[in-house]
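Presented below is the structure to which this report refers.
Values below: every heavy atom of this structure, side chains too, minus hydrogens, waters and symmetry copies. Lettering of chains follows the sequences in order, A, B, ..., and the numbering in each one begins at 1.
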2 protein chains.
Amino acid sequence: MFVIVSSMTPRPTHESRRERPAKPALSHDRIVAAAVRVMRTEGLRRVTMRRLATELDTGPASLYVYVANTAALHAAVLEELLGEVDLGPVAAPGEWRERLAAVLVSYTRVLFAHPELAHSALVARPAGPHYLALVEGVLALLHEGGVPGGQAAWGVDVLLQVATATAAEQSARQDDDAAKEEHHALVRALAEAPPGTHPRIAALGDDLTSGTPHQRLRWIFQAVVNGTSATPREAT
Amino acid sequence: MFVIVSSMTPRPTHESRRERPAKPALSHDRIVAAAVRVMRTEGLRRVTMRRLATELDTGPASLYVYVANTAALHAAVLEELLGEVDLGPVAAPGEWRERLAAVLVSYTRVLFAHPELAHSALVARPAGPHYLALVEGVLALLHEGGVPGGQAAWGVDVLLQVATATAAEQSARQDDDAAKEEHHALVRALAEAPPGTHPRIAALGDDLTSGTPHQRLRWIFQAVVNGTSATPREAT
DNA sequence: ACCTGAACACCGTTCAAGT
DNA sequence: ACCTGAACACCGTTCAAGT
């Protein structure tokens, strides 16, 4: 029995590494996996080179062999998370507009779950397989809806941008007290704008800030899809 | 003559302050003014509590009497900069769509000049007079164009959001080598996507990344205005 | 009330030196 | 080639103590 156990234990390559299990080699994948882990447990704010170095039991300088900088690290985390977007509606039956909205809502839901990530997604667009699959899915649905190619090509960008920006905004408010206060200040400023100098703001009143985030998001998707579908590229 | 000069020199209130001119008292305005100064000369990245404290010849803790945190500071800088947006087209003659596009282009131009600010503008919407004036101007033009109030109320948000996000993205690429490389990676990934799995991306090819930033921006504004104008709120 | 020194708890990134 | 220690040059924010 002793013999069997002994034969199952991998012999360390170097005598000097006998004490603990050999430290697994660093790699881009291992760093990103650690980053996702830290983000889920401590938030993206803690996904720093130094924190990750600690997590991987090394020094911060070592990470620069595999990751160019902090922004690239965050982009890689986003690409990983994008795997959670439900692209099922692309191939499902039903009205194309409804299915497109469903995909975009799924995308925003993923970002909502990770507020700070949405913020970084606005600047650092990922270029990985999950992002490409999302773009392909949106394009397929616009194509099915008869949207001309040139318009779809530019429209997909706007749709994802609007979805990302909305998620970044809403979710920042969700768990940041200062952001919440800032939003209240805007609502108040809009409500108190003098009709003399701000007739349109006064005329619209509460309407400017009406609706739930979900209602607004649905309308925004509809409006951008309609605009994309109806606006020829040569118009300008 | 000696007497005259002497009488023109303001007597210091306290003997102990005689040596140098009295340090002017801190205030929100003085802090924001210093922040704008530092941003123009060193970039928003240097607009930190500590840098500003140095600039104002005090310690970082002192600033917290007037500014809640760094995000609020950046929002105040943005509000200040928004004073540069040209709202002339609002009251000028001409086609309303053209004038609306002109206002939005002016807005993005201001943000383009200060890349990092655009980024922060996506999260921290200012609530100051310059921002209100911009919202009022956009609403006035949508009203002139016969866009129903409810749609204009929600549309103004989308228009400013899309303008801000585009500025943040384009301008980040403008002066950040890493961001430039990231964009190239995306262009490459789109160009190399296999037609088998990504038929729509392959079909559109270069079209996905075609056009100058200005051309794309013009089309985006047109499309969002068209969508806002054509999409009733009860649709969803 | 306003201001501050000092401290706490962190950052990103580079580079020469090691294996 | 890969990895690292150590250093450089910074951060935001709080709090007890002073004026």
Side-chain angles (χ1 to χ4, degrees), chain A residues 12-17 20 22-31 34-35 38-39 41-77 116 119-120 123-124 172 176-179 181-182, chain B residues 12-17 20 22-31 34-35 38-39 41-77 116 119-120 123-124 172 176-179 181-182:
Chain A
T13 324
H14 302 297
E15 280 302 308
S16 58
R17 290 210 190 142
R20 317 192 239 156
K23 208 166 80 177
L26 278 178
S27 72
H28 184 268
D29 283 1
R30 244 170 64 74
I31 293 171
V38 170
M39 192 202 54
T41 55
E42 304 172 38
L44 191 71
R45 219 184 17 179
R46 295 285 171 220
V47 180
T48 66
M49 292 300 207
R50 290 181 111 103
R51 175 69 187 79
L52 251 42
T54 307
E55 186 79 5
L56 295 164
D57 196 22
T58 182
S62 307
L63 305 182
Y64 284 84
V65 178
Y66 303 98
V67 179
N69 52 45
T70 308
L73 181 65
H74 288 182
V77 171
E116 307 135 301
H119 192 189
S120 100
V123 178
D176 181 350
D177 283 355
E181 180 40 51
E182 224 161 34
Chain B
T13 322
H14 302 297
E15 280 302 308
S16 57
R17 288 210 192 143
R20 316 191 242 157
K23 210 166 77 175
L26 278 179
S27 72
H28 184 268
D29 283 0
R30 243 169 65 74
I31 293 171
V38 170
M39 192 202 56
T41 55
E42 302 171 38
L44 190 71
R45 220 183 17 181
R46 296 285 171 218
V47 180
T48 66
M49 292 301 208
R50 291 181 108 102
R51 176 70 188 77
L52 252 41
T54 307
E55 186 79 6
L56 294 164
D57 196 21
T58 182
S62 307
L63 305 182
Y64 284 84
V65 178
Y66 304 98
V67 179
N69 52 44
T70 309
L73 183 65
H74 288 182
V77 171
E116 306 135 300
H119 192 189
S120 100
V123 179
D176 181 349
D177 283 356
E181 180 40 50
E182 225 162 34

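Contact record, B/Arg46 with B/Val38: O-CG1, 3.8 Å, taken as the closest heavy-atom pair. Minimum heavy-atom separation, A/Ala53 to A/Gly59: CB-C, 3.5 Å. Considering all non-hydrogen atoms of both residues, A/Ala25 and A/Arg30 come closest at O-NE, 3.0 Å.
One can place CG of A/Leu52 at 14 Å from P of D/dT4, the figure rounded to the nearest angstrom. As a whole-Å value, the separation of B/Leu63 CG from C/dC2 P is 15 Å. Rounded to an integer number of Å, the gap from CG of A/Leu44 to P of C/dG12 is 11 Å. One interatomic measurement links the two molecules: CG of A/Leu26 to C1' of D/dT4, which rounds to 11 Å at whole-angstrom precision. Computed from coordinates, the A/Tyr66 OH to D/dA1 P distance equals 13 Å when rounded to whole Å.
Counting only Watson-Crick and G-U wobble pairs whose two key distances fall under 3.5 Å, DNA chain D forms stems of three or more stacked pairs at C:4-8 with D:12-16, C:12-16 with D:4-8.
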Distance-only donor-acceptor pairs under 3.5 Å for side chains of residues 66-74 of chain A, two or more places apart:
residue	atom	partner	partner atom	Å
A/Tyr66	OH	A/Leu26	O	3.4
A/Asn69	OD1	A/Ala71	N	3.1
A/Asn69	OD1	A/Ala72	N	2.9
A/His74	NE2	A/Val47	O	3.1

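Residue-to-nucleotide proximity on DNA chain D shows that, of B/Ala71 and A/Val65, the 5′-proximal contact is made by A/Val65.
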When you compare the protein's N or O atoms with those of nucleotides 8-11 of chain D, which come within less than 3.5 Å of each other, and at what distance?
residue	atom	partner	partner atom	Å
D/dC11	OP1	B/Thr48	OG1	3.2

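Rounded to whole Å, the separation between the C1' atoms of C/dC2 and D/dA16 comes to 15 Å. With C1' as the reference atom, C/dC3 and D/dT14 are 14 Å apart, rounded to whole Å.
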- line: Contact string for nucleotides 14-19 of chain D, one letter per nucleotide 5' to 3', B = base within protein heavy-atom range under 4.0 Å, S = sugar-phosphate only, - = neither, reads BB----
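Applying the side chain to side chain contact (heavy atoms under 4.5 Å, CB included) criterion to B/Arg45, with sequence neighbours excluded, gives B/Glu116. Evaluation of the side chain to side chain contact (heavy atoms under 4.5 Å, CB included) rule for A/Thr54 yields A/Arg51 as partners, not counting sequence neighbours. Applying the side-chain hydrogen bond (donor to acceptor under 3.5 Å, both in side chains) test to B/Ser62 and every residue at least two apart in sequence or in another chain returns B/Thr58.
Here A/Leu44 contributes atom CG and A/Glu42 contributes atom CD; the two are 11.5 Å apart, rounded to the nearest 0.5 Å. Atom OG1 of residue A/Thr48 and atom CD of residue A/Glu55 lie 10.5 Å apart, to the nearest 0.5 angstrom. Atom CZ of A/Arg50 is separated from atom CG of A/Leu63 by 11.0 Å, given to the nearest 0.5 angstrom.
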